[in-house]
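One structure is given here, and the rest of the page talks about it.
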Amino acid sequence: MKHFYNAAAKILAPAIDMEVAEVEGLLLLPPKPEMGDIGFPCFSLAKKLRNAPPKIASEVIEKLEVTEPFSEINPVGPYINFVLSQKALTEASVSAALKDNWGESEEGKEKTVVIDYSSPNIAKPLGVHHIRSTMLGAALSRLYKATGWNVVTVNHLGDWGTNFGQLMVAYQAAVEAGENPATDIDSQLKLYVKYHDLKEANPTLEDEARNWFKKLEDKDEQATRLWTIFRDESIKGLEKLYTRLNVSFDHYTGESFYNDKMEDTANRISEKGILKESQGALVVDLEDSADIKEPCLIRKSDGATTYATRDLSAAEYRFNEYHFTKSLYVVANQQELHFRQVFSVLDRMGYDWAKGCEHIKFGMLSFGAGVFGEERTTGSTRKGNVIFLEDVLNKSVEKAREIISENARDEEVKADIDKLSEAVGVGAIVFTEFMQRRNKDVVFTWDKALNMQGESGPYLQYTHARLSSVIKKAGIDTTNSDLTKLTSRLERNVMLKIGDFPTIVSVSTKENEPSMIAEYLLDLCSEFNRMYADKKNHQIITDDKELSAARVQLVEATRKTLAKGLDLLGLYAPQRM
RNA sequence: GCGCUCGUAGCUCAGCUGGAUAGAGCACAAGAUUUCUAAUCUUGCGGUCACAGGUUCGAAUCCUGUCGGGCGUGCCA
C-alpha cells in the first residue's frame, strides 16, 4: 500500500544515511504478500557500504526500531521488508472504506477541467465505435469529480456540414412525392441512404445538396428550420442511448456553435503575425517546433475556415467561459497531428493556458474476422460495415436476460428481471471499453462483447450481488466488531487490496486511464472470491459472533469499494442477480 | 520517406519512472456445491517478453538499430 511508503522511508532513511524522499522512491511491492507489504532493495547500497546486499539487509535491520504502522521488519535476501501491523492495515482498509467519501480526494480543489467527449456526427445513430470516446470521457469526468475537480462536460457534436444539404435534398424529394417523412434519428439515416440512391440516378443532386448547405450557411429560413429539426431529433435519439449508458453532458455546444466565432479567431491569429500565405491558403507555420512539420491550415484558398480554426475558436471559448486548468479532448488517436497543431497555434497566440490542453487519445476500433466476412475490417457506413451501438446493447441485454432467468434463485430476481438484464447487459458492453489501456487498438467481436464470465463487467456485478446478499443474510450488528480478528493470509490480501483504492483512483485520474480502475476491481473481486470460496476457514456467518461481525465489516468494505469503482466506470451495482 | 503508436502464453491483455521465480482472463485437461449466490473457486498445460546490439550489480522495462502491424502526413471533419 503506497499509503505507508512514507512511513517506511522515514524509519529507514536515517539508518542508511539517505534522504527520506530518495528512499521512498526506491520502495516497492514484494512479489508475494507473504514476503512483506513494502520492500526496499539493498543493491544500491552495496557500493557505498562495500558490502553484499543480503548482509546489508540484515545489518541495517539491527539498527531499526519496529514501530507503528509496522509490526515486523525482516531481511529477505537482499531486501528489507516491512510488514504492516494489524492496526494499521485494518484502519487503512476496512475502517477507512466504511467512512464517507471513500476513495475521494481534494486534489483538484478549485480547479476546473473541461472534458470534450463522445462528440459524434449527428443525423445518424451511434455506432459501436462511439462507445470508446463516450465511456472513456464519462469515466474521466467521474474520476475528476471524485478527485475534487470542478468538471464541465461538453459534447462537441458534428452538427454542421454538407451532409445536411444531402439530408434536405432527400427530405424535399419525399415531401414532393407526397410523403410526410419522419425525422427521428433512424429516419435521418434512411434519408441519408435515400439521398445516395437518388444521386445514383441523378448526379446533379450533388449540386442541389451543396446549394442547400449554402442556404443554411446564409441563414435561409427554411433550411434553418429543417436543420433545427434534424439537430433536435438527433439529440433526442442520442440521449436515449446516453441515458442507457449512464452518460450526460453539461453542454451540447457542437460545431455549429462556433460558426459566428471563427472569423474573430482567424483575425486574432492574423494580428499575432503568425499567419502566412502558402499555396493560396493561410496557414500557421509550425516547422520550427520539435516534431510538427506540417503547417496548420487556418483558411482554405477560397477563404473558408477549417476545422482547425473551429477547434481554435472552441478552445478560446472554453477558456473564456470556464477558466479551465485542464481541457481534455477525448478523441481517437487518428487526430493526434491535428491536436498537436491546434495546441501549438494556441501557444503561439500567447495563450498561457494552452499547456492545459491535452488530447486524450485512444486506439481505433475495427471488426474482427467473422463480423463482416472473414477478414478484419474497419467500419464504413458506405460499405454497410456498421454495427449500431443500440443493437449491441440490445443483444447483450437479451443474453443477460437468458442467463439471469436460468440462474434466478428467488422471486425478487424474477420480478426485477427487466431492470437487471438491462444493467448487466449494458454493463458487459460498457466494461469492454475498460478491458485494455486506452491507447490499444480494439478488435470488436461478438464473443468478446457478449462475454459474461471471467474478466467482465457481469463478473464484478455478480460479485457485488453476492456480497450484498451475504451482508443481508448475516444481519449482524457490527458497531463494536473487532477487526483484529482478521489475520489470515486471505483476509489480509483482501484488506491490502481495499487499501489500494484511493491510490488507484488518484493515479488513474492523473494518467487519464480509467482502465486502471477496471483492472483494480477485477483484482479486488478475485482476491475476495478466493477468500469467500474457502468456506472451511472463512465462513462469514459463524457461531463466533465477534468474528462474524468483523468478517461482515470486511465484506461491507469490499462491497463499498466495488460499488464505488463500478459507479466510476458507469456500471450499475446490483443487490442481487 | 517522415511523425505517432503497438509487438509479452494458442487468443485478449496486465506488468514499462530498471529489482525478488514475467502475471491474469479466454481456450484446453482435471477437480470442488447437504451449509453465506458455481456468472464462482482450485490445480495443471502453456513464455527465446518481435529480433540484434548497448548501458547496468541487475533489463520485458532505459538507449541505438532492424523487422512487422495500426494511424497520420495542407485545402473532409
Side-chain angles (χ1 to χ4, degrees), chain A residues 25-26 28 30-32 35 39-44 46-47 52-53 76-79 81 121 158 160-163 255 278-283 290-302 304 306-308 310-311 332-338 340-341 361 363-364 366 368 378 400 403-404 406-410 413 424 428 432 435-437 439-443 445 447-448 451-463 465-474 515-516 519 522-523 525-526 529-535 538-542 548 551-552 555 576-577:
Chain A
L26 291 170
L28 44 80
K32 297 225 161 144
M35 294 175 178
F40 177 83
C42 295
F43 305 100
S44 58
K47 252 187 201 153
V76 181
Y79 293 85
N81 288 351
N121 289 330
W160 201 253
T162 46
N163 56 326
E255 294 176 345
S278 166
Q279 300 171 29
L282 291 173
V283 305
D291 46 7
I292 311 174
K293 290 250 163 58
E294 296 77 5
C296 184
L297 194 61
I298 304 296
R299 277 188 200 278
K300 304 175 192 174
S301 38
D302 66 359
T306 70
Y307 81 122
R310 197 184 300 271
D311 274 350
N333 61 18
Q334 289 156 7
Q335 304 216 30
E336 153 134 40
L337 177 60
H338 165 71
R340 288 227 305 256
Q341 290 175 323
K361 56 186 180 173
M364 77 174 252
S366 58
T378 53
I403 297 176
I404 292 170
E406 265 171 40
N407 298 349
R409 37 175 47 245
D410 57 48
V413 171
V424 174
T432 58
M435 297 242 288
Q436 65 286 311
R437 297 287 117 113
N439 209 25
K440 290 243 181 191
D441 287 340
V442 171
V443 180
T445 60
D447 274 0
K448 220 181 346 169
N451 174 40
M452 307 209 170
Q453 273 161 2
E455 294 178 340
S456 69
Y459 169 68
L460 300 180
Q461 293 171 314
Y462 172 75
T463 305
R466 204 185 213 189
L467 303 192
S468 306
S469 166
V470 178
I471 293 164
K472 193 175 158 202
K473 279 212 174 117
S515 66
M516 294 177 76
E519 188 194 9
L522 290 170
D523 280 354
C525 287
S526 137
N529 280 327
R530 191 166 302 150
M531 178 189 82
Y532 182 85
D534 178 29
K535 300 191 177 182
H538 291 91
Q539 189 75 13
I540 288 152
I541 304 165
T542 68
S548 295
R551 285 185 174 163
V552 170
V555 177
R576 60 181 84 84
M577 63 189 264

Please produce a list of atom pairs where a protein N or O lies less than 3.5 Å from an N or O of nucleotides 5-9 of chain B.
| residue | atom | partner | partner atom | Å |
| --- | --- | --- | --- | --- |
| B/rU5 | O3' | A/Asn439 | ND2 | 3.1 |
| B/rG7 | OP1 | A/Lys440 | NZ | 3.4 |

Give me, pair by pair, the N or O atoms of the protein and of nucleotides 24-28 of chain B that are less than 3.5 Å apart, along with how far apart they are.
| residue | atom | partner | partner atom | Å |
| --- | --- | --- | --- | --- |
| B/rA24 | O2' | A/Glu455 | OE2 | 2.8 |
| B/rG25 | O4' | A/Glu455 | OE2 | 3.3 |
| B/rG25 | O2' | A/Glu455 | N | 3.2 |

Just the table, please: protein N/O against nucleotides 44-46 of chain B N/O, every pair under 3.5 Å.
none

Do any N or O atoms of the protein come closer than 3.5 Å to N or O atoms of nucleotides 58-61 of chain B, and which pairs are they?
none

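Nucleotides B/rG47 and B/rC4 have their C1' atoms positioned 29 Å apart, rounded to a whole Å. The gap from the P atom of B/rA22 to that of B/rU66 amounts to 31 Å, rounded to the nearest Å. Comparing the C1' positions of B/rC63 and B/rG18 gives a spacing of 13 Å, expressed to the nearest Å. Across B/rA9 and B/rU55, the matching P atoms stand 28 Å from one another, rounded to whole Å. Comparing the same atom, P, in B/rA20 and in B/rA60 gives a spacing of 9 Å after rounding to whole Å. Taking atom C1' in both B/rG10 and B/rC75, the straight-line distance is 48 Å, to the nearest Å.
Stretches of at least 3 consecutive Watson-Crick or G-U wobble pairs, with each checked distance under 3.5 Å, appear in RNA chain B as B:1-7 with B:67-73, B:10-13 with B:23-26, B:28-32 with B:40-44, B:50-54 with B:62-66.
The residue A/Asn163 sits apart from the nucleic acid: no heavy atom pair falls under 4.0 Å. Among the atoms of the strands shown, only primed sugar atoms or phosphate atoms (P, OP1, OP2) are found under 4.0 Å from some heavy atom of A/Met364. The residue A/Ala46 sits apart from the nucleic acid: no heavy atom pair falls under 4.0 Å. Counting any heavy atom pair closer than 4.0 Å across all strands shown, A/Phe43 reaches a base atom. A/Lys535 comes within contact range of at least one nucleobase, with a heavy-atom separation under 4.0 Å. A/Ser515 comes within 4.0 angstrom of no nucleic acid atom, judged by non-hydrogen atoms across all strands. Residue A/Gln539 is in base contact, counting any heavy-atom pair closer than 4.0 Å across all strands shown. A/Met577 comes within contact range of at least one nucleobase, with a heavy-atom separation under 4.0 Å. Residue contacts for A/Val443: at a heavy-atom cut-off of 4.0 Å it reaches no nucleic acid atom on any strand shown. Among the atoms of the strands shown, base atoms are found under 4.0 Å from some heavy atom of A/Ile404.
A/Thr542 and A/Ser548 form a side-chain donor-acceptor contact under 3.5 Å, judged by distance and modelled atom types alone. Judged by distance alone, the side chains of A/Tyr459 and A/Asn529 do bring a donor and an acceptor atom under 3.5 Å apart.
Look at CG on A/Asp534: it is 13 Å from C1' on B/rC36, rounded to the nearest Å. The CG-P distance, from A/Asp410 to B/rU37, rounds to 10 Å in whole Å.
Distances shorter than 4.0 Å separate some side-chain N or O of A/Tyr462 from OP1 or OP2 on B/rA39. OP1 or OP2 of B/rU42 has not a single side-chain nitrogen or oxygen of A/Tyr532 nearer than 4.0 Å. For A/Lys300, a side-chain nitrogen or oxygen approaches OP1 or OP2 of B/rA77 to under 4.0 Å. Between A/Arg299 and B/rG74, a side-chain N or O to OP1/OP2 separation shorter than 4.0 Å is absent. An OP1 or OP2 oxygen of B/rA39 is reached within less than 4.0 angstrom by a side-chain nitrogen or oxygen of A/Asn407.
Closest to the side chain of A/Leu337, out of B/rC36, B/rU73, B/rC75, is B/rU73.
Checked by distance alone, A/Asn81 brings a side-chain donor or acceptor within 3.5 Å of a matching partner on the base of B/rA20. In terms of polar N and O atoms assigned as donor or acceptor, the side chain of A/Gln279 comes within less than 3.5 Å of the base of B/rG74 in a complementary pairing. On a pure distance criterion of 3.5 Å, no polar donor-acceptor pair joins the side chain of A/Thr306 and the base of B/rC75.
Side-chain contact between A/Met577 and A/Val413: absent, with no pair of heavy atoms (C-beta onward) separated by less than 4.5 Å.
Expressed to the nearest 0.5 Å, how far CG of A/Leu460 lies from OG of A/Ser526 amounts to 10.5 Å.
Place A/Gly280 and A/Ile403 on RNA chain B by their nearest nucleotides, and A/Ile403 ends up nearer the 5' end.
Listed by chain and residue number, A/Phe528 satisfy the ring-ring contact (aromatic ring centres under 6.0 Å, His included) test with A/Tyr532 (two or more places apart in sequence, or in another chain).
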